[in-house]
Number of protein chains: 2
Amino acid sequence: MARTPLTRDEVLSVAGDLVKQHGPEALSMRKLAAELGTAVTSIYWHVGNRESLLDALVQRTVADLGTIRPRGSGPQERVVSIARTLRRQLRAHPHLVAMVHERGLTEHMFLPVQQALVHEAHAAKLRGADAAEAVRAVLFQVVGHVLVERNRERAPVQRPGEEELWAGAKAVAAEDDRALARALAAPVDSERLFDTSVHALVKSLLGPAT
Amino acid sequence: MARTPLTRDEVLSVAGDLVKQHGPEALSMRKLAAELGTAVTSIYWHVGNRESLLDALVQRTVADLGTIRPRGSGPQERVVSIARTLRRQLRAHPHLVAMVHERGLTEHMFLPVQQALVHEAHAAKLRGADAAEAVRAVLFQVVGHVLVERNRERAPVQRPGEEELWAGAKAVAAEDDRALARALAAPVDSERLFDTSVHALVKSLLGPAT
DNA sequence: ACCTGAACACCGTTCAAGT
DNA sequence: ACCTGAACACCGTTCAAGT
């Protein structure tokens with residue numbers, strides 16, 4: 001029954017799989033030990049405790065984050081492309097990204113993106129504090145949107161859902177605009193909404209001064 | 001030692017206090033029982049179990065959410081005022097708001113805000129699907145920003161922090177823009193950033209078509 | 001250096017028994 | 001109708017003891 005010697009890497013890798021699948025709250029030291037075929041206490045020798053195990057997983061995630069290659073001709077298009085890529089990356093491993101966030105390593109994780117955004121802001125003739133604020137506005141926008149999306153997806157059936165809220169005859173709110181009521185009753189197309197919002201923000205921030 | 005009869009309201013109120021102060025993860029049935037001066041099992045008679053206790057707290061929060069009075073002359077100003085108010089409300093009881101979110105009641109909680117935004121979109125001459133998308137874009141923007149803010153505040157010391165990241169001589173990223181490097185090294189003024197972003201978004205969405 | 005089981009102090013929940 | 005303690009099945013962590 002005796003198994004091959006346990007390694008720190010093996011612990012992290014199996015723990016990472018469990019977290020990716022079911023989230024950090026589903027990771028118990030006892031379950032992990034069972035999965036590894038060792039005594040619970042062996043894990044402690046290799047990784048200290050549960051908290052530092054999770055910390056180590058987070059470090060890995062940050063290190064693994066790829067770089068960003070902006071596409072498009074003008075700065076505005078390229079910023080939108082950066083935003084789209086970032087959204088996709090963040091949505092790929094939601095549990096791990098959430099953990100990175102909780103541990104305050106978001107800034108670190110986003111350094112490459114921020115550099116790419118700085119480059120585009122400069123290309124759009126923004127300088128100094130204006131450029132910094134544009135970069136941060138886009139970053140907040142993207143991360144915020146992803147967090148809202150995540151929350152909506154994780155959430156169970158909305159009660160009452162958008163449909164009931166806006167469909168009924170009592171939907172006075174829609175102010176006699178049937179098309180509006182219909183649009184608000186339909187489920188959110190969050191990818192489309194993401195594009196619209198980013199475009200709108202970028203247009204204001206990087207567009208010609210008015 | 002025998003205390004006055006336990007009521008469901010009392011359980012909820014004490015539980016609510018504990019959650020407001022230390023978050024839901026700090027609420028254990030045993031601690032709550034101790035606080036109430038009863039046996040752990042008495043709580044179960046009144047509220048079922050831990051999960052439905054938290055559900056009940058969430059219901060209360062949603063019901064307690066006040067209405068919104070937009071200020072300002074034009075639709076753009078008024079939307080910004082709605083956004084500011086919403087941000088303030090969401091930041092007042094972060095733990096409870098997070099729980100509302102997790103339970104998928106966000107939509108319900110935001111009905112009044114959404115109605116107010118619909119009104120302003122109409123005032124800005126938006127109709128149908130365009131109005132709906134503008135309303136949702138603003139809502140996502142505000143909620144997203146608040147979530148990012150919350151995460152940043154909850155997070156421990158950033159390592160490396162923005163300062164080190166952008167200050168060093170190796171900060172090639174800043175592309176010879178000293179003012180930019182300085183701005184990115186300074187801590188985020190997230191209220192100002194919020195205003196900038198919302199203004200930018202609103203200007204694009206509600207402003208004159210270009 | 002690495003692994004182990006026993007033990008401690010916590011959980012949420014169920015249940016039969018009390019009044 | 002309301003409350004109770006005992007018991008069950010879980011936790012994370014420590015520690016002395018093994019090899």
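Quick note on labels: first sequence line is chain A, next is B, and so on, each numbered from 1. Quick caveat: nothing in here was measured; it's all calculated off a predicted structure.
In this model, the phosphate group of dC3(C) is not approached by any side-chain N or O of T38(A) to a distance below 4.0 Å at OP1 or OP2. For the OP1/OP2 pair of dC3(D) and a distance below 4.0 Å, the side-chain nitrogens and oxygens of H46(B) include at least one atom meeting the criterion.
The environment of CZ in R192(B) is sparse: at most 12 heavy-atom neighbours from other residues, nucleotides or ligands sit within 6.0 Å.
Applying the side chain to side chain donor-acceptor pair (under 3.5 Å) rule to E10(B) yields the partners R3(B); only residues at least two apart in sequence or on another chain are considered. Annotation: side chain to side chain donor-acceptor pair (under 3.5 Å) contacts of S42(B) (sequence neighbours excluded): none. Take T61(B) and apply the side chain to side chain donor-acceptor pair (under 3.5 Å) test, not counting sequence neighbours, and it matches no residue. Every residue two or more places apart in sequence or in another chain was checked for a side chain to side chain donor-acceptor pair (under 3.5 Å) with R30(A), and none qualifies. Partners of F194(B) under the ring-ring contact (aromatic ring centres under 6.0 Å, His included) rule, at least two apart in sequence or in another chain, are H145(B).
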For nucleotides 5-18 of chain C, 5' to 3', base contacts (B), sugar-phosphate-only contacts (S) and non-contacts (-) with protein non-hydrogen atoms under 4.0 Å give BBB---BBBBB---
Side-chain polar contacts of residues 43-51 of chain B - donor-acceptor pairs under 3.5 angstrom, sequence neighbours left out - could you list them?
| unit_1 | atom_1 | unit_2 | atom_2 | d |
| --- | --- | --- | --- | --- |
| H46(B) | NE2 | L6(B) | O | 3.3 |
| N49(B) | OD1 | E51(B) | N | 3.4 |
| N49(B) | OD1 | S52(B) | N | 3.0 |
| N49(B) | OD1 | S52(B) | OG | 2.8 |
| R50(B) | NE | L27(B) | O | 3.0 |
| R50(B) | NH2 | P24(B) | O | 2.8 |
| R50(B) | NH2 | L27(B) | O | 3.1 |
| E51(B) | OE2 | R103(B) | NH1 | 3.0 |

Please tabulate, one pair per line, all N/O donor-acceptor pairs under 3.5 Å involving side-chain atoms of residues 76-84 of chain B, not counting sequence neighbours.
| unit_1 | atom_1 | unit_2 | atom_2 | d |
| --- | --- | --- | --- | --- |
| E77(B) | OE1 | S73(B) | N | 3.4 |
| E77(B) | OE2 | S73(B) | OG | 3.4 |
| R78(B) | NE | E120(B) | OE1 | 3.2 |
| R78(B) | NE | E120(B) | OE2 | 2.9 |
| R78(B) | NH1 | G72(B) | O | 3.1 |
| S81(B) | OG | R71(B) | N | 2.9 |
| R84(B) | NE | D195(B) | OD1 | 3.1 |
| R84(B) | NE | D195(B) | OD2 | 3.2 |
| R84(B) | NH2 | D195(B) | OD2 | 2.8 |

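In DNA chain D, the stems built from three or more successive Watson-Crick or G-U pairs (distances below 3.5 Å) are C:4-8 with D:12-16, C:12-16 with D:4-8.
To the nearest angstrom, P of dC3(C) lies 11 Å from CD1 of I43(A).
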